[in-house]
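What follows is a set of notes on a single structure, which appears directly below.
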Amino acid sequence: MEIETPSDINANVESDSELSGVEQNRTEENGDLAESSISEARLNAKAQRRLRKNSSRDSGRGDSVGDNGDSTRAVLPTSPKSKLMDRKSRTGKGRGLPKKGGAGGKGVWGTPGQIYDEEIVDIKDPNYDDQDNCMYEKTVLPLDEKSFEKSVTPIVQEYFEHGDTNEVAEMLRDLNLGEMKCGLPVLAVSLALEGKASHREMTSKLLSHLCGTLLSTEDVERSFDKLLQELPELVLDTPQAPQLVGQFIARAVGDEILSSTYLEGYRGTVDCIHSRAALNRAALLLRITKGGRRRIDSVWGTGGGQQPVKKLVKEIDMLLKEYALSGDVVEAERCLQELEVPHFHHELVYEVIMMVLEATSNNTYTMMLCLLEALWKSGVITLDQMKRGYDRIYQEIPDINLDVPKAYSVLERFVEDCFKVGIISRQIRDLCPCRGRKRFVSEGDGGRLKRESY
(Lines give C-alpha, C1' and ligand atoms only; values in the text may rest on other atoms or scores of the structure.)
Protein backbone atom coordinates (compact mmCIF):
# COMPACT_ATOMS: atom_id res chain seq x y z
CA MET A 1 0.00 0.00 0.00
CA GLU A 2 1.28 3.29 -1.08
CA ILE A 3 1.33 6.17 1.27
CA GLU A 4 0.33 9.57 -0.26
CA THR A 5 2.63 12.32 0.46
CA PRO A 6 1.45 15.82 1.21
CA SER A 7 2.52 16.91 -2.24
CA ASP A 8 0.32 14.22 -3.82
CA ILE A 9 -2.64 15.26 -1.72
CA ASN A 10 -2.28 18.89 -2.85
CA ALA A 11 -2.07 17.79 -6.49
CA ASN A 12 -5.28 15.77 -6.17
CA VAL A 13 -7.08 18.66 -4.56
CA GLU A 14 -6.07 20.98 -7.36
CA SER A 15 -7.19 18.50 -10.02
CA ASP A 16 -10.55 18.09 -8.30
CA SER A 17 -11.06 21.85 -8.13
CA GLU A 18 -10.27 22.17 -11.81
CA LEU A 19 -12.78 19.49 -12.66
CA SER A 20 -15.50 21.14 -10.56
CA GLY A 21 -14.83 24.49 -12.22
CA VAL A 22 -15.16 22.97 -15.68
CA GLU A 23 -18.45 21.33 -14.71
CA GLN A 24 -19.72 24.58 -13.24
CA ASN A 25 -18.90 26.43 -16.46
CA ARG A 26 -20.72 23.81 -18.46
CA THR A 27 -23.84 24.05 -16.33
CA GLU A 28 -23.80 27.89 -16.64
CA GLU A 29 -23.53 27.64 -20.40
CA ASN A 30 -26.42 25.15 -20.53
CA GLY A 31 -28.62 27.48 -18.37
CA ASP A 32 -27.87 30.43 -20.62
CA LEU A 33 -28.86 28.41 -23.67
CA ALA A 34 -32.14 27.29 -22.06
CA GLU A 35 -33.07 30.82 -21.06
CA SER A 36 -32.33 32.18 -24.52
CA SER A 37 -34.39 29.45 -26.15
CA ILE A 38 -37.37 30.16 -23.86
CA SER A 39 -37.21 33.88 -24.56
CA GLU A 40 -37.00 33.24 -28.29
CA ALA A 41 -40.03 30.94 -28.11
CA ARG A 42 -41.98 33.61 -26.26
CA LEU A 43 -41.05 36.23 -28.82
CA ASN A 44 -42.06 33.94 -31.68
CA ALA A 45 -45.41 33.14 -30.06
CA LYS A 46 -46.09 36.81 -29.48
CA ALA A 47 -45.22 37.62 -33.08
CA GLN A 48 -47.53 34.88 -34.33
CA ARG A 49 -50.40 36.21 -32.20
CA ARG A 50 -49.89 39.70 -33.58
CA LEU A 51 -49.83 38.33 -37.09
CA ARG A 52 -53.05 36.39 -36.60
CA LYS A 53 -54.76 39.39 -35.01
CA ASN A 54 -53.74 41.74 -37.79
CA SER A 55 -54.70 39.24 -40.47
CA SER A 56 -58.17 38.75 -38.94
CA ARG A 57 -58.76 42.53 -38.78
CA ASP A 58 -57.50 43.21 -42.27
CA SER A 59 -59.11 40.23 -44.00
CA GLY A 60 -61.42 41.38 -46.75
CA ARG A 61 -59.81 44.80 -46.87
CA GLY A 62 -56.68 43.78 -48.74
CA ASP A 63 -53.38 45.59 -48.85
CA SER A 64 -53.34 48.86 -50.68
CA VAL A 65 -50.65 49.27 -53.30
CA GLY A 66 -49.10 52.69 -53.63
CA ASP A 67 -48.05 54.47 -56.78
CA ASN A 68 -44.44 53.23 -56.47
CA GLY A 69 -45.57 49.61 -56.18
CA ASP A 70 -44.99 49.34 -52.42
CA SER A 71 -47.70 47.52 -50.56
CA THR A 72 -49.02 49.53 -47.64
CA ARG A 73 -51.47 48.24 -45.09
CA ALA A 74 -54.47 50.42 -44.24
CA VAL A 75 -54.68 52.11 -40.89
CA LEU A 76 -56.33 49.90 -38.32
CA PRO A 77 -59.51 51.22 -36.74
CA THR A 78 -58.97 52.25 -33.18
CA SER A 79 -62.55 53.26 -32.32
CA PRO A 80 -64.15 50.92 -29.78
CA LYS A 81 -67.44 51.30 -31.65
CA SER A 82 -65.91 49.92 -34.83
CA LYS A 83 -64.69 46.90 -32.88
CA LEU A 84 -68.14 46.28 -31.49
CA MET A 85 -69.77 46.60 -34.91
CA ASP A 86 -67.23 44.27 -36.49
CA ARG A 87 -68.79 40.95 -37.53
CA LYS A 88 -65.50 39.04 -37.55
CA SER A 89 -64.35 36.55 -34.99
CA ARG A 90 -62.63 38.07 -31.98
CA THR A 91 -61.46 34.82 -30.46
CA GLY A 92 -58.12 34.94 -32.25
CA LYS A 93 -58.80 31.63 -33.95
CA GLY A 94 -59.73 30.73 -37.47
CA ARG A 95 -58.68 32.20 -40.77
CA GLY A 96 -59.93 35.71 -40.01
CA LEU A 97 -62.98 35.43 -42.32
CA PRO A 98 -66.37 36.95 -41.47
CA LYS A 99 -68.76 34.83 -39.46
CA LYS A 100 -71.31 32.81 -41.44
CA GLY A 101 -69.80 34.03 -44.68
CA GLY A 102 -70.98 37.62 -44.08
CA ALA A 103 -74.59 36.54 -43.55
CA GLY A 104 -74.56 36.80 -39.79
CA GLY A 105 -75.37 39.68 -37.50
CA LYS A 106 -78.40 41.75 -36.60
CA GLY A 107 -80.47 43.04 -39.52
CA VAL A 108 -78.69 40.86 -42.09
CA TRP A 109 -80.91 38.87 -44.48
CA GLY A 110 -78.22 36.73 -46.04
CA THR A 111 -75.06 37.09 -47.99
CA PRO A 112 -74.71 40.03 -50.39
CA GLY A 113 -76.35 39.33 -53.73
CA GLN A 114 -78.36 36.37 -52.48
CA ILE A 115 -81.76 35.93 -54.22
CA TYR A 116 -84.52 34.14 -52.35
CA ASP A 117 -86.84 31.84 -54.19
CA GLU A 118 -90.63 32.09 -53.77
CA GLU A 119 -91.72 30.26 -50.67
CA ILE A 120 -93.96 27.30 -51.38
CA VAL A 121 -96.79 27.02 -48.87
CA ASP A 122 -97.68 23.55 -47.78
CA ILE A 123 -101.45 23.34 -47.31
CA LYS A 124 -101.07 20.11 -45.34
CA ASP A 125 -98.89 21.85 -42.80
CA PRO A 126 -100.72 21.79 -39.42
CA ASN A 127 -99.60 25.41 -38.86
CA TYR A 128 -100.96 26.54 -42.24
CA ASP A 129 -103.26 29.58 -42.03
CA ASP A 130 -105.18 30.61 -45.14
CA GLN A 131 -105.17 34.40 -44.65
CA ASP A 132 -106.09 35.19 -48.26
CA ASN A 133 -109.61 33.78 -47.90
CA CYS A 134 -110.03 34.93 -44.30
CA MET A 135 -112.95 37.28 -43.54
CA TYR A 136 -112.63 39.71 -40.65
CA GLU A 137 -115.75 41.00 -38.91
CA LYS A 138 -116.17 43.57 -36.17
CA THR A 139 -117.50 42.01 -33.02
CA VAL A 140 -119.46 44.19 -30.59
CA LEU A 141 -120.03 42.80 -27.14
CA PRO A 142 -123.61 42.85 -25.84
CA LEU A 143 -124.42 45.70 -23.47
CA ASP A 144 -125.01 45.12 -19.81
CA GLU A 145 -127.54 47.11 -17.78
CA LYS A 146 -125.09 49.86 -16.75
CA SER A 147 -123.54 50.40 -20.17
CA PHE A 148 -127.00 50.18 -21.82
CA GLU A 149 -128.36 53.12 -19.86
CA LYS A 150 -125.14 55.09 -20.39
CA SER A 151 -125.18 54.53 -24.17
CA VAL A 152 -128.90 54.80 -24.99
CA THR A 153 -129.86 57.79 -22.81
CA PRO A 154 -127.91 60.36 -24.92
CA ILE A 155 -129.44 58.91 -28.10
CA VAL A 156 -133.00 59.37 -26.81
CA GLN A 157 -132.27 62.87 -25.51
CA GLU A 158 -130.81 63.90 -28.89
CA TYR A 159 -133.90 62.46 -30.57
CA PHE A 160 -136.05 64.86 -28.54
CA GLU A 161 -134.10 67.66 -30.24
CA HIS A 162 -134.01 66.56 -33.90
CA GLY A 163 -136.97 64.12 -34.08
CA ASP A 164 -135.41 61.85 -36.75
CA THR A 165 -136.48 58.27 -36.06
CA ASN A 166 -134.31 56.84 -38.85
CA GLU A 167 -131.16 58.26 -37.29
CA VAL A 168 -132.07 56.73 -33.92
CA ALA A 169 -132.64 53.35 -35.56
CA GLU A 170 -129.23 53.46 -37.27
CA MET A 171 -127.45 54.39 -34.04
CA LEU A 172 -129.19 51.60 -32.14
CA ARG A 173 -128.24 49.03 -34.78
CA ASP A 174 -124.58 49.81 -34.15
CA LEU A 175 -125.08 48.79 -30.52
CA ASN A 176 -125.42 45.14 -29.60
CA LEU A 177 -128.48 45.44 -27.39
CA GLY A 178 -128.77 41.70 -26.88
CA GLU A 179 -131.16 40.91 -24.05
CA MET A 180 -131.58 44.62 -23.26
CA LYS A 181 -133.95 45.23 -26.19
CA CYS A 182 -136.96 45.20 -23.90
CA GLY A 183 -135.30 47.92 -21.82
CA LEU A 184 -135.33 50.42 -24.71
CA PRO A 185 -139.08 51.33 -24.48
CA VAL A 186 -138.81 51.44 -20.69
CA LEU A 187 -135.94 53.94 -20.84
CA ALA A 188 -137.60 56.06 -23.57
CA VAL A 189 -140.93 56.25 -21.72
CA SER A 190 -139.18 57.04 -18.40
CA LEU A 191 -137.38 59.99 -20.02
CA ALA A 192 -140.58 61.16 -21.73
CA LEU A 193 -142.48 61.20 -18.44
CA GLU A 194 -140.08 63.87 -17.17
CA GLY A 195 -140.35 65.90 -20.40
CA LYS A 196 -143.02 67.76 -22.29
CA ALA A 197 -146.10 66.57 -24.12
CA SER A 198 -144.25 66.85 -27.41
CA HIS A 199 -141.56 64.49 -26.07
CA ARG A 200 -144.23 61.91 -25.26
CA GLU A 201 -145.68 62.22 -28.74
CA MET A 202 -142.21 61.75 -30.23
CA THR A 203 -141.63 58.72 -27.99
CA SER A 204 -144.83 57.08 -29.22
CA LYS A 205 -143.75 57.67 -32.82
CA LEU A 206 -140.30 56.23 -32.09
CA LEU A 207 -141.72 53.04 -30.57
CA SER A 208 -144.05 52.62 -33.53
CA HIS A 209 -141.11 53.06 -35.93
CA LEU A 210 -138.78 50.63 -34.13
CA CYS A 211 -141.39 47.89 -33.71
CA GLY A 212 -140.96 45.38 -36.52
CA THR A 213 -137.39 46.43 -37.37
CA LEU A 214 -135.42 46.51 -34.14
CA LEU A 215 -138.09 45.45 -31.64
CA SER A 216 -140.67 42.72 -31.76
CA THR A 217 -144.19 42.75 -30.36
CA GLU A 218 -143.05 40.47 -27.52
CA ASP A 219 -140.30 42.97 -26.62
CA VAL A 220 -142.85 45.80 -26.44
CA GLU A 221 -145.21 43.75 -24.26
CA ARG A 222 -142.40 42.85 -21.84
CA SER A 223 -141.40 46.54 -21.75
CA PHE A 224 -144.87 47.68 -20.69
CA ASP A 225 -145.03 44.84 -18.15
CA LYS A 226 -141.84 46.18 -16.62
CA LEU A 227 -143.20 49.73 -16.68
CA LEU A 228 -146.29 48.66 -14.76
CA GLN A 229 -144.06 46.99 -12.16
CA GLU A 230 -141.89 50.11 -11.79
CA LEU A 231 -144.81 52.53 -11.43
CA PRO A 232 -144.44 52.86 -7.61
CA GLU A 233 -140.92 54.22 -8.18
CA LEU A 234 -141.90 56.42 -11.15
CA VAL A 235 -144.66 58.07 -9.12
CA LEU A 236 -142.07 59.50 -6.75
CA ASP A 237 -140.60 61.65 -9.54
CA THR A 238 -143.72 62.08 -11.69
CA PRO A 239 -147.02 62.04 -9.76
CA GLN A 240 -149.02 61.76 -13.01
CA ALA A 241 -147.08 58.64 -14.07
CA PRO A 242 -150.08 56.19 -13.88
CA GLN A 243 -152.24 58.32 -16.18
CA LEU A 244 -149.36 58.96 -18.57
CA VAL A 245 -148.36 55.28 -18.76
CA GLY A 246 -152.00 54.45 -19.42
CA GLN A 247 -151.98 56.89 -22.33
CA PHE A 248 -148.78 55.25 -23.65
CA ILE A 249 -150.49 51.84 -23.50
CA ALA A 250 -153.58 53.14 -25.30
CA ARG A 251 -151.45 54.78 -27.98
CA ALA A 252 -149.43 51.57 -28.41
CA VAL A 253 -152.62 49.56 -28.89
CA GLY A 254 -153.85 52.17 -31.40
CA ASP A 255 -150.51 51.98 -33.27
CA GLU A 256 -150.87 48.15 -33.32
CA ILE A 257 -147.56 47.52 -31.57
CA LEU A 258 -149.52 46.02 -28.65
CA SER A 259 -152.23 43.44 -29.11
CA SER A 260 -155.81 44.44 -28.38
CA THR A 261 -156.00 41.65 -25.79
CA TYR A 262 -153.12 43.06 -23.73
CA LEU A 263 -155.44 44.73 -21.21
CA GLU A 264 -157.59 41.64 -20.85
CA GLY A 265 -154.60 39.67 -19.63
CA TYR A 266 -154.38 41.91 -16.54
CA ARG A 267 -158.08 41.88 -15.70
CA GLY A 268 -158.56 40.88 -12.07
CA THR A 269 -154.87 40.11 -11.47
CA VAL A 270 -153.49 43.54 -10.51
CA ASP A 271 -152.93 44.39 -6.86
CA CYS A 272 -150.91 47.60 -7.23
CA ILE A 273 -153.02 50.77 -7.07
CA HIS A 274 -150.85 52.65 -9.58
CA SER A 275 -150.83 49.82 -12.10
CA ARG A 276 -154.60 49.50 -11.83
CA ALA A 277 -154.98 53.24 -12.44
CA ALA A 278 -152.79 53.05 -15.56
CA LEU A 279 -154.75 50.11 -16.99
CA ASN A 280 -158.08 51.80 -16.26
CA ARG A 281 -156.88 54.96 -18.03
CA ALA A 282 -155.86 52.96 -21.09
CA ALA A 283 -159.14 51.05 -21.15
CA LEU A 284 -161.13 54.29 -20.87
CA LEU A 285 -159.31 55.91 -23.80
CA LEU A 286 -159.78 52.83 -25.97
CA ARG A 287 -163.45 52.65 -25.06
CA ILE A 288 -163.99 56.29 -26.03
CA THR A 289 -162.35 55.87 -29.39
CA LYS A 290 -164.28 52.62 -30.07
CA GLY A 291 -161.41 51.23 -32.07
CA GLY A 292 -160.83 54.43 -34.04
CA ARG A 293 -157.47 56.14 -34.53
CA ARG A 294 -158.46 59.78 -34.56
CA ARG A 295 -158.54 60.41 -30.82
CA ILE A 296 -155.61 58.10 -30.11
CA ASP A 297 -153.31 60.03 -32.44
CA SER A 298 -154.02 63.22 -30.52
CA VAL A 299 -153.77 61.71 -27.05
CA TRP A 300 -150.72 63.87 -26.30
CA GLY A 301 -152.23 67.09 -27.66
CA THR A 302 -151.29 69.05 -30.74
CA GLY A 303 -148.15 70.82 -29.51
CA GLY A 304 -144.57 70.56 -30.63
CA GLY A 305 -142.50 71.81 -33.51
CA GLN A 306 -143.13 68.61 -35.44
CA GLN A 307 -146.70 69.69 -36.19
CA PRO A 308 -147.53 71.04 -39.67
CA VAL A 309 -147.52 74.81 -40.09
CA LYS A 310 -151.14 74.91 -41.22
CA LYS A 311 -152.20 73.07 -38.10
CA LEU A 312 -150.26 75.48 -35.86
CA VAL A 313 -151.79 78.48 -37.62
CA LYS A 314 -155.23 77.03 -37.05
CA GLU A 315 -154.52 76.43 -33.36
CA ILE A 316 -153.33 80.03 -32.86
CA ASP A 317 -156.38 81.38 -34.65
CA MET A 318 -158.68 79.33 -32.41
CA LEU A 319 -156.73 80.53 -29.35
CA LEU A 320 -157.29 84.18 -30.23
CA LYS A 321 -160.98 83.67 -30.98
CA GLU A 322 -161.50 81.98 -27.60
CA TYR A 323 -159.64 84.82 -25.90
CA ALA A 324 -161.79 87.40 -27.67
CA LEU A 325 -164.88 85.70 -26.24
CA SER A 326 -163.63 84.97 -22.71
CA GLY A 327 -160.99 87.65 -22.13
CA ASP A 328 -158.97 85.22 -19.93
CA VAL A 329 -155.33 86.21 -20.39
CA VAL A 330 -154.03 83.40 -18.15
CA GLU A 331 -155.84 80.72 -20.15
CA ALA A 332 -154.57 82.17 -23.44
CA GLU A 333 -151.02 82.18 -22.10
CA ARG A 334 -151.35 78.55 -20.95
CA CYS A 335 -152.69 77.42 -24.32
CA LEU A 336 -149.86 79.19 -26.12
CA GLN A 337 -147.23 77.49 -23.95
CA GLU A 338 -148.84 74.09 -24.49
CA LEU A 339 -148.24 74.47 -28.21
CA GLU A 340 -144.48 74.35 -27.44
CA VAL A 341 -143.54 76.38 -30.49
CA PRO A 342 -141.57 79.38 -29.18
CA HIS A 343 -140.05 79.82 -32.65
CA PHE A 344 -143.55 80.34 -34.08
CA HIS A 345 -144.81 83.01 -31.68
CA HIS A 346 -144.40 85.65 -34.37
CA GLU A 347 -147.53 84.17 -35.95
CA LEU A 348 -149.49 85.12 -32.80
CA VAL A 349 -148.19 88.72 -33.01
CA TYR A 350 -149.16 88.86 -36.68
CA GLU A 351 -152.68 87.52 -36.04
CA VAL A 352 -153.20 89.92 -33.10
CA ILE A 353 -152.38 92.97 -35.23
CA MET A 354 -154.54 91.65 -38.06
CA MET A 355 -157.51 91.35 -35.66
CA VAL A 356 -156.86 94.92 -34.50
CA LEU A 357 -156.81 96.23 -38.07
CA GLU A 358 -160.00 94.35 -38.98
CA ALA A 359 -161.83 95.11 -35.70
CA THR A 360 -164.92 97.27 -35.69
CA SER A 361 -164.96 98.06 -31.97
CA ASN A 362 -162.49 99.50 -29.50
CA ASN A 363 -163.05 96.53 -27.17
CA THR A 364 -161.08 94.21 -29.46
CA TYR A 365 -158.36 96.87 -29.77
CA THR A 366 -157.97 97.08 -25.97
CA MET A 367 -158.09 93.30 -25.38
CA MET A 368 -155.38 92.56 -27.95
CA LEU A 369 -153.18 95.30 -26.54
CA CYS A 370 -153.57 93.80 -23.05
CA LEU A 371 -152.78 90.30 -24.37
CA LEU A 372 -149.53 91.41 -26.01
CA GLU A 373 -148.55 93.33 -22.90
CA ALA A 374 -149.16 90.28 -20.65
CA LEU A 375 -147.26 87.91 -22.93
CA TRP A 376 -144.37 90.37 -23.20
CA LYS A 377 -144.08 90.94 -19.45
CA SER A 378 -144.26 87.20 -18.68
CA GLY A 379 -141.47 86.50 -21.17
CA VAL A 380 -143.51 84.11 -23.28
CA ILE A 381 -142.93 86.21 -26.42
CA THR A 382 -139.38 87.39 -26.94
CA LEU A 383 -138.21 90.60 -28.60
CA ASP A 384 -137.09 88.73 -31.69
CA GLN A 385 -140.51 87.11 -32.20
CA MET A 386 -142.21 90.45 -31.58
CA LYS A 387 -140.03 92.15 -34.18
CA ARG A 388 -140.65 89.41 -36.76
CA GLY A 389 -144.42 89.72 -36.29
CA TYR A 390 -144.35 93.50 -36.77
CA ASP A 391 -142.03 93.19 -39.79
CA ARG A 392 -144.50 90.87 -41.48
CA ILE A 393 -147.28 93.42 -40.97
CA TYR A 394 -145.08 96.27 -42.28
CA GLN A 395 -144.34 94.31 -45.45
CA GLU A 396 -147.95 93.35 -46.12
CA ILE A 397 -149.64 96.62 -45.14
CA PRO A 398 -150.03 97.82 -48.78
CA ASP A 399 -152.06 94.70 -49.59
CA ILE A 400 -153.96 94.89 -46.31
CA ASN A 401 -154.88 98.50 -47.04
CA LEU A 402 -156.76 97.38 -50.15
CA ASP A 403 -159.19 95.40 -47.97
CA VAL A 404 -159.07 97.65 -44.89
CA PRO A 405 -158.97 101.32 -46.00
CA LYS A 406 -158.10 102.63 -42.53
CA ALA A 407 -155.24 100.13 -42.01
CA TYR A 408 -152.43 102.73 -42.07
CA SER A 409 -154.00 105.02 -39.48
CA VAL A 410 -155.02 102.17 -37.16
CA LEU A 411 -151.57 100.62 -37.42
CA GLU A 412 -149.85 103.89 -36.58
CA ARG A 413 -152.04 104.34 -33.51
CA PHE A 414 -151.57 100.74 -32.35
CA VAL A 415 -147.78 100.89 -32.80
CA GLU A 416 -147.62 104.10 -30.82
CA ASP A 417 -149.68 102.62 -27.97
CA CYS A 418 -147.48 99.51 -27.91
CA PHE A 419 -144.40 101.70 -27.67
CA LYS A 420 -145.89 103.66 -24.77
CA VAL A 421 -146.67 100.45 -22.89
CA GLY A 422 -143.14 99.16 -23.52
CA ILE A 423 -143.97 96.21 -25.74
CA ILE A 424 -141.82 97.29 -28.68
CA SER A 425 -138.63 99.30 -29.00
CA ARG A 426 -138.15 102.68 -30.63
CA GLN A 427 -136.52 101.04 -33.63
CA ILE A 428 -139.61 98.93 -34.35
CA ARG A 429 -141.83 101.99 -33.95
CA ASP A 430 -139.73 104.06 -36.37
CA LEU A 431 -140.00 101.35 -39.02
CA CYS A 432 -143.78 101.69 -39.14
CA PRO A 433 -144.79 102.69 -42.70
CA CYS A 434 -146.91 105.73 -43.50
CA ARG A 435 -149.26 106.48 -46.35
CA GLY A 436 -147.74 106.48 -49.79
CA ARG A 437 -149.18 109.94 -50.69
CA LYS A 438 -151.16 112.72 -48.99
CA ARG A 439 -154.67 113.40 -50.19
CA PHE A 440 -155.80 117.03 -50.31
CA VAL A 441 -159.36 118.40 -50.28
CA SER A 442 -158.84 120.17 -53.59
CA GLU A 443 -156.10 121.76 -55.60
CA GLY A 444 -156.73 125.27 -54.28
CA ASP A 445 -157.40 124.52 -50.64
CA GLY A 446 -154.06 125.86 -49.47
CA GLY A 447 -152.60 122.52 -48.49
CA ARG A 448 -155.34 121.52 -46.09
CA LEU A 449 -155.37 117.70 -45.47
CA LYS A 450 -158.41 115.51 -45.23
CA ARG A 451 -159.19 113.96 -41.88
CA GLU A 452 -157.92 110.45 -41.09
CA SER A 453 -161.49 109.21 -40.69
CA TYR A 454 -162.34 109.39 -44.39
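Positions are given from 1, in the same order as the sequence printed here. Source: prediction; values computed, not measured.
Listed by chain and number, the residues in a ring pair (Phe, Tyr, Trp, His ring centres under 6.0 Å) with Phe414 are Tyr365 (sequence neighbours excluded). For Asn401, the side chain to side chain donor-acceptor pair (under 3.5 Å) criterion is met by no residue, not counting sequence neighbours. The side chain to side chain donor-acceptor pair (under 3.5 Å) check on His209 picks up Asn166, with sequence neighbours excluded. Annotation: side chain to side chain donor-acceptor pair (under 3.5 Å) contacts of Glu347 (sequence neighbours excluded): Arg392. Not counting sequence neighbours, the partners of Glu373 by the side chain to side chain donor-acceptor pair (under 3.5 Å) test are Lys377.
For Ala250 against Leu286, the heavy-atom pair with the smallest separation is O-CD2, 3.8 Å. Between Thr153 and Leu191, the closest heavy-atom pair is CG2-CD1, 4.1 Å. Annotation for Lys181 and Pro185: closest pair O-CD, 3.5 Å, computed over non-hydrogen atoms. Here the closest non-hydrogen pair linking Val329 and Ala374 is CG1-CB, 3.4 Å. Residues Cys272 and Pro232 approach most closely at SG-CG, 3.9 Å, considering heavy atoms. For the residue pair Gln247 and Leu285, the shortest heavy atom distance occurs at CG-CD1, 3.6 Å.
Looking only at side-chain heavy atoms (C-beta outward), Phe248 and Leu227 stay at 4.5 Å or farther from each other. In this structure, the side chains of Ile423 and Leu375 stay at 4.5 Å or more apart for every pair of heavy atoms. Counting only heavy atoms from C-beta outward, the side chains of Leu258 and Thr217 never approach each other to under 4.5 Å. Phe148 is not listed as a side-chain neighbour of Leu175, based on a closest heavy-atom distance of 4.5 Å or more. Taking 4.5 Å as the limit, every side-chain heavy atom of Pro242 sits out of range of all side-chain heavy atoms of Arg281. His345 has its side chain out of reach of Thr382: every pair of non-hydrogen atoms, C-beta onward, lies at least 4.5 Å apart. The shortest distance between side-chain heavy atoms of Asp255 and Arg251 falls below 4.5 Å. Residues Val220 and Leu210 form no side-chain contact, since every pair of their non-hydrogen atoms from C-beta on lies 4.5 Å or further apart.
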Check your understanding: Is there a side-chain contact (heavy atoms from CB on, under 4.5 Å) between Ile353 and Leu411 once you walk through the steps?
Key -> CA-CA 8 Å; Ile353 301 176; Leu411 179 62; 4.0 Å; yes
Exercise for review: Test salt bridge (charged side-chain N to carboxylate O under 4.0 Å, His left out) on Glu416 and Arg413 and set out the steps.
Suggested key: CA-CA 5 Å; Glu416 188 65 28; Arg413 186 161 60 95; over 6 Å; no
**Study point:** Verdict with supporting geometry, Ser223 and Leu184, side-chain contact (heavy atoms from CB on, under 4.5 Å)
**Key:** CA-CA 8 Å; Ser223 301; Leu184 177 60; over 6 Å; no
Exercise for review: With side-chain contact (heavy atoms from CB on, under 4.5 Å) as the test, would you mind laying out the steps for Tyr408 and Ile397 before giving the verdict?
Suggested key: CA-CA 7 Å; Tyr408 275 103; Ile397 191 63; 3.9 Å; yes
Review point. Between Tyr159 and Lys205, does a side-chain contact (heavy atoms from CB on, under 4.5 Å) hold up when you go through it step by step?
Key: CA-CA 11 Å; Tyr159 167 70; Lys205 290 182 178 179; 4.2 Å; yes
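Defined by atom type and a distance below 3.5 Å, a donor-acceptor pair is missing between the side-chain atoms of Asp391 and Tyr350.
Side-chain atoms of Ser208 never come within 3.5 Å of backbone atoms of Ser204 as a donor-acceptor pair (strictly under, hydrogens ignored). Ser275 places no side-chain N or O within donor-acceptor distance of the main-chain N or O of Asp271, the cut-off being under 3.5 Å. The backbone N or O of Arg276 sits less than 3.5 Å from a side-chain atom of Asn280, completing a donor-acceptor pair. With hydrogens and angles ignored, the 3.5 Å screen pairs a side-chain donor or acceptor of Trp376 with a backbone N or O of Gly422. Without hydrogens or angle criteria, Asp237 side chain to Leu234 main chain gives no donor-acceptor distance under 3.5 Å.
In this structure, CG in Leu357 is found 11.0 Å from NZ in Lys406, a value given to the nearest 0.5 Å. Put simply, NE2 on His346 and CD on Glu351 are 11.0 Å apart, with the number rounded to the nearest 0.5 Å. To the nearest 0.5 Å, the span separating SG on Cys335 from CG on Leu348 amounts to 11.5 Å. Interatomic distance, CG of Asp164 versus CE of Met171, reported as 10.5 Å (0.5 Å rounding). Note that CD of Glu167 is 4.0 Å distant from NE2 of His162, once rounded to the nearest 0.5 Å. Here OH of Tyr390 is found 13.0 Å from NZ of Lys387. Values are rounded to the nearest 0.5 Å.
The environment of CD in Glu396 is crowded: more than 12 heavy-atom neighbours from other residues, nucleotides or ligands sit within 6.0 Å. Annotation: Ile273, atom CD1; neighbour count of heavy atoms from other residues, nucleotides and ligands within 6.0 Å does not exceed 12. Under a cut-off of 6.0 angstrom, the local environment of CG in Asp174 is crowded, with over 12 non-hydrogen atoms contributed by other residues, nucleotides or ligands. Annotation: Glu358, atom CD; neighbour count of heavy atoms from other residues, nucleotides and ligands within 6.0 Å is above 12.
With salt bridges taken as basic N to acidic carboxylate O contacts below 4.0 Å, none links Arg222 and Glu218. Classification of Arg173 and Glu170 as a salt-bridged pair fails, no side-chain N sitting under 4.0 Å from a carboxylate O.
Screening residues 141-152 for side chain to side chain donor-acceptor pair (under 3.5 Å) gives Asp144-Ser147 as the qualifying pairs, with residues at least two apart or on separate chains.
Ring geometry, Tyr262 versus Phe224: the interplanar angle exceeds 60°, so the pair is classed perpendicular (tilted spans 30 to 60°).
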